[in-house]
> 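Below are the structure tokens for one structure; questions will follow.
Quantities reported herein were computed from a predicted structural model and do not represent experimental measurements. Residue numbers start from 1 in every chain, and the chains themselves are labelled A, B, ... in the order their sequence lines are given, proteins ahead of strands.
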2 protein chains.
Amino acid sequence: MKVTALEEYGLRCMLLFTEKGDRGPLTIHEISASEKLSVPYAGKLLMILKQAGLVRAVRGRKGGYVLTKPPEQIQLREIFAALGEPFFGNHHCRRYAGDSEICVHDDDCKVRNMWSTFDRFISGILEKVSLADLASGRFNYLESKENLPRQKESA
Amino acid sequence: MKVTALEEYGLRCMLLFTEKGDRGPLTIHEISASEKLSVPYAGKLLMILKQAGLVRAVRGRKGGYVLTKPPEQIQLREIFAALGEPFFGNHHCRRYAGDSEICVHDDDCKVRNMWSTFDRFISGILEKVSLADLASGRFNYLESKENLPRQKESA
DNA sequence: TGATTACTATACATAAAAGTATAGCTATTT
DNA sequence: AAATAGCTATACTTTTATGTATAGTAATCA
């Protein structure tokens, strides 16, 4: 299980906009400096976010990037969708089918059940949390002990 | 967020042993055929599992691989540890520090809080579920609706 | 004791992700 | 209208993950 670089850095860039407030567009140079990313790489990230419709580019001398909607209306889900495949996507079983076309576990896959459980948990959160929530530290789900997973003990 | 091939196929190989029962060791050829993996690749996977102490190799004509302990005593956690880095490991913040040595968000990172939440959920399950549990389909956590994430609605 | 079956170890090849480079386009400002 | 600041698009390089190849070692069995 791995977090991709696009997800990590892309999400951070989105968070930058919430800190900026309404003081005009953020330039790639500012983003690059704030996040300690190279200028070309920051450019690549913003390009991806732009193509997903999450940010809008303002060209010309006073240009930069701005969010296309207020952070309260941007779900983390949208951001992750722009930045890569979901944890347990539709193509999972085809991708990990080994040398055959159809995975041998197609009918009853124990492993798939597990991934699916993880994915439901994560997707459930990503759908309910907005960029504004994340920025303001309101992401406190599971901090309290009673929300930790309750699994039947193994025999 | 991605599942690695090692994790996916390695876990499946481990599951094979629970189906086999006590009918002697599983050969690489059998594993390769069952999982539709190439023989060399199955060999590589079993080598990794062996070096982690999860399986033992029996050489010679009636050889193959066997589990080193009964599936009830093998936590999924151990298997994943053998197969790769955890979702949100100790090196996360150093790896995604961009061009600087220490991540600029070192003191207060909203994104880290999120990964950490996901990781606690997943780790919590992997620690409590055994290979036998997974094999027998007892992995039913979160199937019922009341266990789905309850996140405060965003303002 | 030699043939066979199976694991072992290392090196190699391929594919995908990550990150860089650069030549070009657009709007503002003077 | 020229200069400047900034975005755009594509191609390239590097690194990491994935998967393959092969020459060898060990144990069984006739």
> Rounding to a whole Å, what distance do you find between B:L6:CG and D:dG19:C1'?
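To the nearest whole Å, that distance equals 10 Å.
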
> Reckon A:L37 touches a base, only the sugar-phosphate, or nothing at all at heavy-atom distances under 4.0 Å?
nothing

> Does OP1 or OP2 of C:dT5 have a side-chain N or O of B:K62 closer than 4.0 Å?
no

> Have a look at B:G64 and say if it touches a base, only the backbone sugar-phosphate, or nothing, with a 4.0 Å heavy-atom cut-off.
sugar-phosphate

> Taking the side chain of A:T27 as heavy atoms from C-beta outward, which of D:dG6, C:dT4, D:dT4 is closest to it?
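Shortest atom-to-atom distance from the side chain points to D:dG6.
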
> Return the angle between end axes of the helix from C:dT1-D:dA30 to C:dT30-D:dA1, with five pairs used per end and rounding to 10°.
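For the helix from C:dT1-D:dA30 to C:dT30-D:dA1, the axes at opposite ends meet at about 0°.
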
> 5'-most contact on DNA chain C: B:Y65 or A:P40, nearest heavy atom basis?
B:Y65

> Kindly say if A:K44 contacts the phosphate of C:dA21, meaning a side-chain N or O under 4.0 Å from OP1 or OP2.
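For C:dA21, neither OP1 nor OP2 has a side-chain N or O of A:K44 closer than 4.0 Å.
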
> Between the side chains of B:H91 and B:E85, does any donor sit under 3.5 Å from an acceptor?
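Looking only at side-chain atoms, B:E85 and B:H91 do not form any donor-acceptor pair under 3.5 Å.
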
> Take the protein atom CD1 of B:I28 and the nucleotide atom P of C:dA9, then report the distance between them rounded to whole Å.
12 Å

> For A:Y41 and D:dT13, is the shortest distance between a side-chain N/O and OP1 or OP2 below 4.0 Å?
no

> Respond yes when some side-chain nitrogen or oxygen of B:S38 is under 4.0 Å from OP1 or OP2 of D:dG19, and no when none is.
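Answer no for this pair, as no side-chain N or O of B:S38 is under 4.0 Å from OP1 or OP2.
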
> Please confirm whether the ring centroid of A:F118 lies under 6.0 Å from the ring centroid of A:F88.
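Judged by ring-centre distance (under 6.0 Å), A:F118 and A:F88 do not meet the cut-off.
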
> Look at the side chain of A:R59 and decide which nucleotide, out of D:dG19, C:dC25, C:dC7, has an atom nearest to it.
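Closest nucleotide to the A:R59 side chain: C:dC25.
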
> Any chain of hydrophobic side-chain contacts (each under 4.5 Å) joining B:L16 to B:Y9?
yes

> When you get a sec, tell me which of D:dA21, C:dG19, D:dT18 is the closest nucleotide to the side chain of B:T4?
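Between D:dA21, C:dG19, D:dT18, the one nearest the side chain of B:T4 would be D:dT18.
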
> Please check if atom NZ in B:K69 has more than 12 non-hydrogen atoms from other residues, nucleotides or ligands closer than 6.0 Å.
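Yes, the 6.0 Å shell around NZ holds more than 12 heavy atoms from other groups.
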
> B:M14 and B:L6: same hydrophobic cluster, using ILVMFWY side-chain contacts below 4.5 Å?
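Yes; tracing contacts between hydrophobic side chains, which count when under 4.5 Å, links both residues.
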
> Nearest to the B:K50 side chain among D:dG19, C:dA9, D:dT8, which nucleotide is it?
C:dA9

> Taking the nucleotide of DNA chain D with the nearest heavy atom to each, does A:L26 or A:K2 sit closer to the 5' end?
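First, find each residue's nearest nucleotide; the 5'-ward one identifies A:L26.
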
> Side chain of A:A5, heavy atoms from C-beta onward: which of C:dT28, D:dC29, C:dA18 has the nearest atom to it?
C:dA18

> For A:N90, does the CG atom have more than 12 heavy-atom neighbours from other residues, nucleotides or ligands under 6.0 Å away?
no

> In whole Å, what is the span from the CG atom of B:L45 to the P atom of C:dA9?
16 Å

> D:dC7 C1' sits how many Å from A:H29 NE2, rounded?
11 Å

> Transitively linked via ILVMFWY side-chain contacts under 4.5 Å: B:I48 with B:L126?
yes

> Take the protein atom CZ of B:R56 and the nucleotide atom P of D:dA26, then report the distance between them rounded to whole Å.
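In whole Å, D:dA26 P and B:R56 CZ are 18 Å from each other.
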
> Rounded to whole angstrom units, what separation is found between the CG atom of B:L46 and the P atom of C:dC7?
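Roughly 8 Å, once rounded to whole Å.
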
> Using whole Å, report how far CD of B:Q51 lies from P of C:dC7.
15 Å

> Got a donor-acceptor contact below 3.5 angstrom from the A:E30 side chain to the A:T27 backbone?
yes

> Roughly, in whole Å, what's the span from OH in B:Y96 to C1' in D:dT16?
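In whole Å, D:dT16 C1' and B:Y96 OH are 11 Å from each other.
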
> The side chain of B:M47 lies closest to which of these nucleotides: D:dG19, C:dT20, C:dT8?
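Comparing D:dG19, C:dT20, C:dT8 against the side chain of B:M47, the answer is C:dT8.
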
